[in-house]
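First up is the structure itself, then whatever we jot down about it.
Keep in mind that this is a model prediction, so the values were computed, not measured. Proteins come first, then strands; the chains are lettered A, B, ... in the order of their sequence lines, and each starts at number 1.
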2 protein chains.
Amino acid sequence: MHPTDEIENESNYTPAKYRTPDGAPSDIVMFTITSEDKGTGKKALPDRKLEVLLIQRKKWPFEGQWALPGGFSDENESMYDCARRELMEETSVADVHLEYFNVYSEPNRDPRGWIISHAFFALVHERYLADRKAQDDAADVRLFPVEEALAMELAFDHGRIVRDALERVRAKMRTTTIAKEFLPDEFTIGELYQVIRTVVPDFEEPNFIRKITSTRSRYGLLEEAKDEQGKPKQSNRYSQRAAQLYRFTGFVPELSIYG
Amino acid sequence: MHPTDEIENESNYTPAKYRTPDGAPSDIVMFTITSEDKGTGKKALPDRKLEVLLIQRKKWPFEGQWALPGGFSDENESMYDCARRELMEETSVADVHLEYFNVYSEPNRDPRGWIISHAFFALVHERYLADRKAQDDAADVRLFPVEEALAMELAFDHGRIVRDALERVRAKMRTTTIAKEFLPDEFTIGELYQVIRTVVPDFEEPNFIRKITSTRSRYGLLEEAKDEQGKPKQSNRYSQRAAQLYRFTGFVPELSIYG
DNA sequence: TTAATAGTGTCTGTTAGACAGTATTGC
DNA sequence: GCAATACTGTCTAACAGACACTATTAA
């Protein structure tokens, strides 16, 4: 039991005499999907890669090693506010998907002391990271393809954190509409399918377009994009033949393993 | 940025000079399902209620109010270990389902200082809480039906924590096999259905038995219990007509909103 | 006999899954 | 015409959802 629990009331309350944590930082696994033109001359869907942002440490501990962006919270902000602030410092955007997913508190996980880290993942559209890309490897902040990041020896327990984040994002990719974080408001079925497969490589649905338009549409997951005259909007950005544009409706179906 | 980040290496490292958290407790939302015989004389499924364990505080702050069980962590244990220790103190069992689900860190959520709370939920079979039931309202530790607990004004932000926990447990009840935490190893379809409905009242599947035995069984969610001779095992504990017993196989199907 | 639960029969319309085929159009 | 993506046709087996029906047996 904690010492402060022995205190009877506010008037004679004294702060804890025992050891307290040395810090409560938040760390952010920032995912983005980069697109690169296939360069064949023909119109085609771009090559997409799931990438994660890492920072090279300049100080002890783990000097020189790559780590997740993050920083210590102060007593006037929640962990979520802290994470949003850190995200803002890295990407200069505030309105991206940011979600808490786990706490990391194993003893001695940080040689600086008793430090309990709160891990978030962020899904950032590549347009927000355009500068980052230009700077490239010269900088101490870089995007790494996830497989590459997973194979690296990261600072602290950040390797574990990246693995956990990826697992969580993959699960949510299947079961929610977070794919929209990586897509424009209006997109083609081909783009949607490609984004899902970029995050979840073993997602395969040969009849994807049919399922999502002729069956699930009954439940309102997607709706066709229309122009002012109410005519269906199409795009030929990625194909010779124009494709119908869709948008998410905001509806998320309930899932159950029992029926 | 945190002051310790300014330090160059271990040799000249000094601890933080700025304020650090005053404590990192874990709080536990402990759910159980109690069964009560209908008392009609006839064999019938019991009345089941989802209940949550609360403790009445004896000290400032929130003296006299009901709160979640929990306690401060120390530097030699993870938050999970801390939660398991607290759970052990309350229920004397160690092998129940215990799962982390969120952090609560709003400034001033605790008048004692900067205290960041880590919330777990536990699913405890009622057999482990038999004593608790006997003691009843006399004690300062009691089980409350969830609706009742949600309507109470709990200490700290524990009302919010209970709501969040319930939401999480309801979602997992639909999408995973955690129902098994409230069931014996072998159970009838009727029992399973009743347990699910106790946690998720709006779960309705008129053809539940058919779906789970003749369709999903293809995917191996449940298997029939058999005795040593390989003959199907049945139970008439809750019905005149004996019902087939089933067990979970350990298989959890993957869910997707896209197909 | 009745109450209480366990299960089956049967019907209709929908969906899944597979695979082949046609459509469109910039290059 | 080719390449690349966007669809549509068609078939079968499985499934969902509804609702009525039979089965079993202790009290």
Side-chain angles (χ1 to χ4, degrees), chain A residues 35-48 186-197 203-222 224-225 232-246 253-259, chain B residues 35-48 186-197 203-222 224-225 232-246 253-259:
Chain A
S35 308
E36 201 174 346
D37 212 71
K38 276 213 180 70
T40 54
K42 299 262 179 182
K43 277 188 184 178
L45 283 167
D47 281 328
R48 295 185 203 253
E186 301 180 346
F187 50 86
T188 66
I189 302 297
E191 283 180 281
L192 171 59
Y193 185 57
Q194 203 195 19
V195 163
I196 296 172
R197 286 192 37 104
F203 179 85
E204 281 187 41
E205 286 291 346
N207 269 337
F208 187 67
I209 186 172
R210 163 159 290 158
K211 278 192 188 168
I212 208 145
T213 56
S214 76
T215 66
R216 297 289 161 169
S217 75
R218 302 263 158 71
Y219 307 117
L221 191 63
L222 297 183
E224 295 189 352
K233 282 171 78 176
Q234 301 196 315
S235 158
N236 67 341
R237 208 175 354 163
Y238 296 129
S239 59
Q240 321 292 25
R241 175 174 173 176
Q244 177 61 45
L245 288 170
Y246 290 84
E254 278 202 337
L255 292 169
S256 165
I257 60 172
Y258 295 114
Chain B
S35 308
E36 200 173 344
D37 212 70
K38 275 213 180 68
T40 54
K42 300 260 179 180
K43 277 190 183 175
L45 283 166
D47 282 326
R48 293 186 204 252
E186 301 181 346
F187 50 87
T188 67
I189 303 297
E191 282 180 284
L192 171 59
Y193 186 55
Q194 204 196 17
V195 162
I196 296 173
R197 287 191 39 103
F203 180 84
E204 281 186 43
E205 287 291 345
N207 269 336
F208 187 69
I209 186 173
R210 162 161 292 159
K211 278 192 188 168
I212 207 144
T213 57
S214 77
T215 66
R216 297 288 160 168
S217 74
R218 301 262 159 71
Y219 307 117
L221 191 63
L222 297 183
E224 296 188 352
K233 281 170 78 175
Q234 302 195 313
S235 157
N236 67 342
R237 205 174 356 160
Y238 297 129
S239 58
Q240 321 293 24
R241 173 173 173 176
Q244 177 62 44
L245 288 169
Y246 290 85
E254 277 202 338
L255 291 169
S256 164
I257 60 171
Y258 294 114

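- Without hydrogens or angle criteria, A:Tyr246 side chain to A:Thr213 main chain gives no donor-acceptor distance under 3.5 Å.
- Among the nucleotides C:dT8, C:dT5, D:dA26, the one closest to the side chain of B:Ser239 is C:dT5.
- D:dA6 atom P lies 13 Å from atom CZ of A:Phe187, rounded to whole Å.
- Within 6.0 Å of the CD atom in A:Glu224, the count of heavy atoms belonging to other residues, nucleotides or ligands exceeds 12.
- In terms of position on DNA chain C, the residue among A:Ala242 and B:Thr188 whose nearest nucleotide sits closer to the 5' end is B:Thr188.
- Across all strands, A:Ile189 comes closer than 4.0 Å to no nucleic acid atom at all (heavy-atom distances).
- Although no hydrogens or angles enter the test, the distance criterion places no donor-acceptor pair under 3.5 Å between the side chain of B:Arg48 and the main chain of B:Ser35.
- The CG atom of B:Asp47 sits 12 Å away from the P atom of C:dA4 (whole-angstrom rounding).
- Comparing atom distances between the A:Gln244 side chain and each of D:dC7, C:dA16, D:dA26 picks out D:dC7 as nearest.
- Between B:Phe208 and B:Ile196 the shortest side-chain heavy-atom distance falls below 4.5 Å.
- Annotation: side chain of A:Leu192 is in contact with side chain of B:Tyr258 (closest heavy-atom distance under 4.5 Å).
- Spacing between atom CD of B:Glu224 and atom P of C:dA6 amounts to 15 Å, rounded to whole angstrom units.
- If you take OH of B:Tyr246 and C1' of C:dA6, they are 10 Å apart, rounded to a whole angstrom.
- When each of A:Ile209 and B:Gln240 is assigned the nucleotide of DNA chain D bearing its nearest heavy atom, the one mapping closer to the 5' terminus is A:Ile209.
- Between the A:Gln244 side chain and the A:Lys233 main chain, a donor and an acceptor come within less than 3.5 Å of each other.
- Checked by distance alone, B:Arg210 brings a side-chain donor or acceptor within 3.5 Å of a matching partner on the base of C:dG9.
- Remark: the A:Arg241 side chain and the D:dT8 base include no donor-acceptor N/O pair separated by less than 3.5 Å.
- Comparing D:dG17, D:dA3, D:dC7 by their closest approach to the side chain of B:Glu205 singles out D:dG17.
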Polar-atom pairs under 3.5 Å, protein N or O versus N or O of nucleotides 13-15 of chain D: list them with distances, or write none.
residue: D:dC15; atom: OP2; partner: B:Arg218; partner atom: NH1; Å: 2.5

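- One can place CD of A:Glu191 at 13 Å from C1' of D:dA6, the figure rounded to the nearest angstrom.
- If you measure from atom CZ of B:Phe208 to atom P of D:dA18, you get 16 Å, rounded to the nearest angstrom.
- Spacing between atom CG of B:Leu245 and atom P of C:dT5 amounts to 16 Å, rounded to whole angstrom units.
- Between the side chain of B:Gln194 and the main chain of B:Pro46, a donor-acceptor pair closer than 3.5 Å is present.
- Put simply, NZ on A:Lys211 is 18 Å from C1' on D:dA6, counting in whole angstrom units.
- Set against D:dA6, C:dA18, C:dT24, the side chain of A:Asn207 has C:dA18 as its closest nucleotide.
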